[in-house]
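Report on the structure given below.
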There are 2 protein chains.
Amino acid sequence: MLRLTREKSDILPLVAEAFRAFGYEGASFSQITKLTGVSKGSLYHVFPGGKEQMAAEILAGINGWFVKNLFEPLETGEPNAALAHMWTEIDRYFHAGGRICLVGAFALDATREHFRAAIHDYFNRWVEALSRCLVRAGAEPLAASAFAEHTVLTIQGGLILARAIHDEAVFSRALRRLSDSAEALLACQTPPH
Amino acid sequence: MLRLTREKSDILPLVAEAFRAFGYEGASFSQITKLTGVSKGSLYHVFPGGKEQMAAEILAGINGWFVKNLFEPLETGEPNAALAHMWTEIDRYFHAGGRICLVGAFALDATREHFRAAIHDYFNRWVEALSRCLVRAGAEPLAASAFAEHTVLTIQGGLILARAIHDEAVFSRALRRLSDSAEALLACQTPPH
DNA sequence: GTCTATAAAGCGATAGAC
DNA sequence: GTCTATCGCTTTATAGAC
């Protein structure tokens with residue numbers, strides 16, 4: 001069945017791509033209109049709060065995806081499976097290094113002030129969920145905490161460096177080093193049966 | 001002696017702070033005027049090419065600083081001393097995590113296209129200089145290359161995560177892990193005398 | 001719910017007075 | 001070399017036709 005009126009859920013991912021490509025300030029309504037095919041008037045009908053509302057809803061959507069697909073498995077699932085799941089999903093989500101992290105990008109400039117809580121919560125929960133998962137998998141708490149922080153920050157840095165030198169393999173290699181280090185951490189710290 | 005006419009070298013660092021705070025698109029002339037105390041007309045007198053010229057000269061200045069203070073020591077100095085020097089200078093340059101990397105920030109959005117070469121060269125030379133330094137210090141080439149990439153990307157990620165969760169200690173901890181890993185790498189791979 | 005037209009403000013950039 | 005005034009253009013945002 002053909003729907004002529006597009007819904008928020010159809011438009012939002014395209015708006016997100018505009019923010020990824022041009023940044024929050026750089027993504028103008030004319031750019032968003034070009035990318036979505038939806039005119040400025042219609043955009044304001046769907047998002048009365050303008051760009052700020054768009055960005056807020058996009059951040060909420062990203063957070064929701066991460067909570068459902070990564071954080072909750074890390075928090076409640078079988079630790080080793082959740083960990084393995086994370087590596088593959090992260091690689092897929094960030095298009096093997098070809099897609100930046102919008103939350104990380106928003107954290108860099110003054111855009112951060114508008115979305116302070118959302119940015120903080122996203123990264124904080126990621127680090128915490130991963131840390132606790134590692135503890136449940138047998139890691140020592142301090143080592144788990146350090147490795148969780150290391151993991152999240154490596155993913156962000158990998159995306160930057162991959163874009164900077166136009167080599168997505170940088171991200172893949174970083175991800176591979178992470179999963180190898182995780183295995184080493186758990187193999188080393190799990191008490192033998 | 002009091003100079004009434006400010007020179008480029010006085011203005012440029014302040015313009016850089018505007019770009020750091022608001023991004024390339026977000027840093028308007030009115031913002032730059034507010035931060036520098038120099039009017040738009042005078043800014044165009046010093047930088048006829050406008051914002052693009054400002055950003056280009058800032059990137060060149062940053063690159064020059066890194067070449068002189070980090071890359072050349074890594075390339076030609078005593079390897080272990082150059083390495084130790086890098087950790088302390090990086091910590092100082094990025095204000096212990098309180099200052100972002102402008103080159104990395106520019107790499108994220110469409111700004112990248114304008115400064116493609118400068119961004120690429122900065123990161124590429126950093127990785128290469130560090131990699132060769134590690135080899136000269138006794139590391140195995142493949143391990144050195146991987147660790148160099150890991151180092152540069154960790155610094156970028158550390159700056160993002162520190163800002164995102166408002167905890168500069170994240171950067172300090174990442175830097176500490178790096179210097180520890182470097183020592184371990186060299187201790188492990190240097191043939192015993 | 002879609003769009004065009006319009007308003008008011010801000011933008012980069014230029015001209016010219018001092 | 002400093003500044004203010006001004007020009008076009010684009011921006012966000014609104015109003016209103018269909």
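Chain letters run A, B, ... following the sequence lines, proteins first and then strands; every chain starts at 1.
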Starting from P on C:dC3, measure out to CG on A:L43 and report it in whole angstrom. 9 Å
What's the CE-C1' distance between A:M54 and D:dA13, to the nearest Å? 11 Å
To the nearest 0.5 angstrom, please state how far the CZ atom of B:F123 sits from the CG atom of B:N63. 10.5 Å
Would you say B:F106 and B:H114 make side-chain contact, with heavy atoms under 4.5 Å? no
Whole-Å distance separating the NE2 atom of B:H45 from the P atom of D:dA5: 20 Å
Value in whole Å for how far the C1' atom of D:dT11 lies from OH of A:Y24: 13 Å
Rounded to whole Å, how long is the line connecting atom CD1 of A:I32 with atom P of D:dT10? 17 Å
Take atom CZ of B:F47 and atom P of C:dG12, then tell me their distance rounded to the nearest Å. 15 Å
Heavy-atom nearest nucleotide on DNA chain D for B:S42 versus A:P48: which residue maps closer to 5'? B:S42
Distance in angstrom units between B:Q53 CD and C:dA13 C1', rounded: 13 Å
Distances under 3.5 Å between protein N/O atoms and the N/O atoms of nucleotides 8-11 of chain C, please, pair by pair.
{"from": "C:dC11", "atom 1": "OP1", "to": "B:S28", "atom 2": "OG", "distance (Å)": "3.0"}
{"from": "C:dC11", "atom 1": "OP2", "to": "B:S30", "atom 2": "OG", "distance (Å)": "3.2"}

Contacts of B:E128 that satisfy side-chain hydrogen bond (donor to acceptor under 3.5 Å, both in side chains) - sequence neighbours left out: B:R132
Run the salt-bridge test on A:E17 and A:R99 with the 4.0 Å N-O cut-off and return the result as yes or no. yes
What's the CD-P distance between A:E7 and C:dT2, to the nearest Å? 10 Å
So, for B:Y93 and B:R20, which heavy atoms are closest and what is the spacing to 0.1 Å? OH-NH2, 3.8 Å
Euclidean distance, B:E25 CD relative to B:K51 NZ, rounded to 0.5 Å: 5.5 Å
